[in-house]
Each structure stands twice: as C-alpha cells, then as structure tokens.
Amino acid sequence: MDKNHFKLATAALEPDRLKRELLDDKAGAAVCFEGWVRNHHAGEAVTALEYESHAGIAEKEGQRILDEAVSRFEIIAAFGQHRVGRLEIGDCAVWVGVSAAHRGAAFDACRYIIDELKARVPIWKKEHYVEGPSGWVNCATRGAQATHS
Amino acid sequence: MDKNHFKLATAALEPDRLKRELLDDKAGAAVCFEGWVRNHHAGEAVTALEYESHAGIAEKEGQRILDEAVSRFEIIAAFGQHRVGRLEIGDCAVWVGVSAAHRGAAFDACRYIIDELKARVPIWKKEHYVEGPSGWVNCATRGAQATHS
Amino acid sequence: MIELQAEYFAAFREQAGCSSEPVRTAAGTVAELYAEIAAKHGFLDSMTRCKVAINDELVEWESPLAAGDKVLFFPPVAGG
Amino acid sequence: MIELQAEYFAAFREQAGCSSEPVRTAAGTVAELYAEIAAKHGFLDSMTRCKVAINDELVEWESPLAAGDKVLFFPPVAGG
C-alpha cells in the first residue's frame with residue numbers, strides 16, 4: 001500500500017475511513033486536520049461553497065507536497081484529500097492525516113502539508129453569501145486566507 | 001453542552017464519535033491527536049501496556065489544562081480523553097480534539113493540550129515486554145518520553 | 001507570431017468570459033503572454049501570486065512558448 | 001508527632017510494597033514527609049518530578065501537614 005497519497009474527491013470525504021489507513025504497529029501518534037465550510041468569511045454570512053480545480057495538476061502538486069513531508073519529517077504515513085464541487089456549511093472540504101512514531105513529527109508534518117496544500121495546489125473556491133452576489137475568493141482576500149483559515 | 005472537558009475512560013476510546021462533538025457552524029478547522037500503543041519503546045519490543053491513574057485528581061488536572069487552552073487560544077471546542085487499564089498494540093491511549101474558526105489556533109491548542117496532559121496529569125504506564133519483566137515507565141525514561149512520544 | 005491555446009480557471013474564466021480561446025502572439029515567454037492577456041481581459045493579479053502550466057505541467061513564468069502549446073492560467077489559489 | 005495516612009501509586013506502590021500505610025511523623029511539610037518516606041522505602045525520584053496531593057487535591061511541596069491527612073504520592077507521570 002502507498003504510505004502517502006493525495007487525491008481530489010468529487011463525493012463526501014470520509015475522514016474516519018481515511019484515518020484507518022494511517023494505522024501501523026510502529027505508530028505512536030496520529031494527527032489529523034479537517035477543514036470545514038464555515039458559516040462566515042471576512043464578516044459575510046456564507047451559505048455554501050463551490051470548489052473548482054484542475055485535477056491533473058492539483059493531484060500532482062499535492063503528491064509532491066506529501067513526498068516533501070515524508071522526506072522532511074520522521075513520519076510513517078501521510079494522506080490528503082480535497083473536495084471539489086458544491087459543499088454546504090459544516091461539510092469537510094479538506095482532510096490531512098499523518099502517523100509517526102512520535103507526536104512532534106506528526107504535528108509538524110500535518111501542519112506543513114495543510115499550509116503547503118493551501119498555498120500551492122490549484123483549487124479555487126466560490127462563496128455563496130446570504131446577501132449579495134457570489135464571489136470567487138480572490139487575490140485580495142487570499143493572503144489573509146492562507147494564514148487564517 | 002460543555003465545549004471543553006477531559007475524562008478518563010475505562011473502555012475503548014471512540015475518536016470518531018468524540019470528534020463529532022467538535023462540530024460547530026463557526027468552525028473552519030479541526031485538529032485531532034491520537035496516541036496509540038506502539039510495538040516498541042526505547043528499543044524494546046512491547047506487547048501491551050497498563051495505565052494506572054488517580055481518577056479524581058487526573059480529571060481535575062486535565063480539565064484545568066483544557067480551560068487554559070480555551071483562554072490562551074481562539075478555539076471553539078476542546079475535548080480530551082485518556083484510557084486507563086490494559087491496552088494492546090494499536091489501541092488508542094489518548095485522544096485530543098480541538099475546533100476553531102482558523103487552523104493555526106486549532107493546531108496550537110491541540111499541541112498545547114497533549115503536551116501538558118503528558119507532563120502534568122497523574123497517569124502511569126506499565127509496559128509488558130516480549131522479553132524480560134514488565135516495568136513502570138519511570139523517572140529515568142520519562143524525560144525522553146515527554147518529548148518523544 | 002505563434003498560435004496557441006489559452007485556458008482560464010475560476011476568476012480568470014469569469015473575467016475573460018470564456019474558459020479557453022486561441023491566441024496569436026509574439027510573446028516569447030509565458031510571462032510576456034500573461035502581460036498581453038491580462039491587459040486584454042483586465043486581470044489584476046500579480047504573476048507572483050498566480051500559477052501557469054503548459055500542457056498540464058506547472059512551469060516557471062520565464063518558460064519559453066512553442067506553437068500549439070496549451071497554456072493554463074491559474075488565479076491565486078484558495079483551497080480548504 | 002502526628003498520625004496520617006500515606007498512599008502510593010504506580011512505581012512508588014511497588015517499591016513501598018503497599019498501596020497505603022499509617023505514618024507517625026514529626027515532619028511539618030509534605031516535603032519533609034517525602035524525605036522520610038523516600039529514605040525508608042528507597043524512592044529515588046526527585047520531588048521536582050513527582051506530585052503530591054492532600055485529601056485528593058494537588059498541593060505544593062511546602063504545604064503544612066495536619067493530623068489525619070491522607071497524603072498521596074505520585075511518581076513522575078508518563079501518560080499517553
């Protein structure tokens with residue numbers, strides 16, 4: 001079995017099933033990150049989100065990030081998935097899971113992966129607001145986005 | 001519902017059920033830590049573990065740590081559970097879950113909580129080795145333990 | 001002048017009003033092509049925040065162009 | 001001299017050979033009591049790595065003792 005892979009998903013993510021792939025007798029620690037659709041962004045009430053991507057390039061770049069994590073940190077397994085399509089409030093948009101012998105490496109690698117995924121993988125979100133038109137989360141808001149969400 | 005609590009558990013932890021308590025429409029990020037029983041410790045093959053605690057004091061100290069996390073970090077919910085009794089390889093010994101609007105606070109709080117739990121909560125583990133007698137993980141090994149597992 | 005295909009994603013697609021179009025250009029690099037296209041469609045994003053691919057591989061902005069290339073323009077990403 | 005009850009956990013219990021025992025002592029603080037008990041049972045752990053509780057509340061090592069106290073001695077912790 002591959003011990004690290006990144007995929008785009010068109011259907012609901014299944015974090016509990018994904019997490020079981022991290023299991024390993026040598027693993028003493030697992031850290032999982034889930035990104036959920038929030039009901040607000042930059043002060044505006046959000047009702048739903050749409051994610052668009054370029055599957056081929058996104059999966060290649062995501063895989064590169066997971067490979068980097070494996071070579072930088074003492075980890076056993078690392079997986080990531082990102083949704084595309086329309087999501088509702090509370091839906092899981094992105095999941096990252098890492099297992100390691102020790103917890104420090106698991107935390108560091110998980111954070112590295114999600115930070116890099118958010119900065120480098122070509123995925124865009126369009127927010128649907130309670131009031132006013134929908135908008136692509138663009139350049140102007142993305143700087144804050146990368147550090148804050 | 002309480003948005004933060006710490007408990008000792010005498011039966012198997014249920015991370016997937018526990019995680020659902022973190023859900024909140026304002027939450028954009030969840031970080032969960034699981035500590036699993038490894039098959040090795042300090043070079044020796046481990047077959048099982050026994051955790052002993054003082055329930056009253058352990059739960060009070062664990063709750064204090066969760067309260068500290070809520071006041072230090074911008075988080076929405078934080079829960080922790082630690083097993084006592086006999087565990088086999090791969091069993092979940094400790095679980096910590098945190099949700100927040102933004103991922104930085106969720107990572108920081110989750111790591112703070114597990115670091116403090118491991119350092120401050122009166123829980124002791126006795127390891128059963130493949131060869132040789134069982135031993136309490138004691139003072140001499142615990143310094144390494146706190147930073148490494 | 002060479003002919004190639006430009007493809008737009010997300011906000012770029014909405015600003016361009018199409019997901020792809022044929023382009024005739026004297027640009028030698030992807031960066032020069034972006035400057036032309038940004039001026040034509042009103043793209044305001046700095047190249048440093050955007051990404052570009054040729055024939056489905058991410059490339060540097062200084063990469064050279066060849067006739068028939070499919071050039072993909074990605075606005076700043078905002079996943080998760 | 002006062003009489004109180006000492007309770008031992010984990011490695012302390014195994015070294016003491018019992019989980020609790022009555023103690024008569026002239027110690028005025030928990031730290032003084034630990035020194036006496038450590039000498040008697042061969043506990044090697046420094047107080048700074050251990051914890052102590054009186055009547056089920058964690059206390060400082062300089063806390064005073066009273067007759068009838070239940071004093072709990074916790075060796076260094078190693079959870080998770």
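Given the structure is predicted, the values throughout are model-derived calculations rather than measurements. Note on naming: letters A, B, ... go to the chains in the order of the sequence lines (proteins, then strands), and numbering restarts at 1 for each one.
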- prompt: Which bit of I89(B) comes within less than 4.5 Å of chain A, counting heavy atoms only: side chain, backbone, both or neither?
  reply: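 Side chain of I89(B) only, per the 4.5 Å heavy-atom cut-off to chain A.
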Heavy-atom side-chain contact between F79(B) and V96(B) under 4.5 Å: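 No. Closest side-chain heavy atoms not under 4.5 Å.
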field: Close side-chain approach of F33(B) and I113(B), heavy atoms under 4.5 Å
entry: no
- prompt: Does the side chain of H102(A) come under 3.5 Å of the side chain of E74(A) through a donor N or O and an acceptor N or O?
  reply: no
At a heavy-atom separation under 4.5 Å, does [X] approach chain B through its side chain, its backbone, both, or neither?
X: D108(A); answer: both
X: C110(A); answer: both
X: R17(A); answer: neither

- prompt: Is the shortest distance from a Lys or Arg side-chain nitrogen in R120(A) or E68(A) to a carboxylate oxygen in the other one below 4.0 Å?
  reply: yes
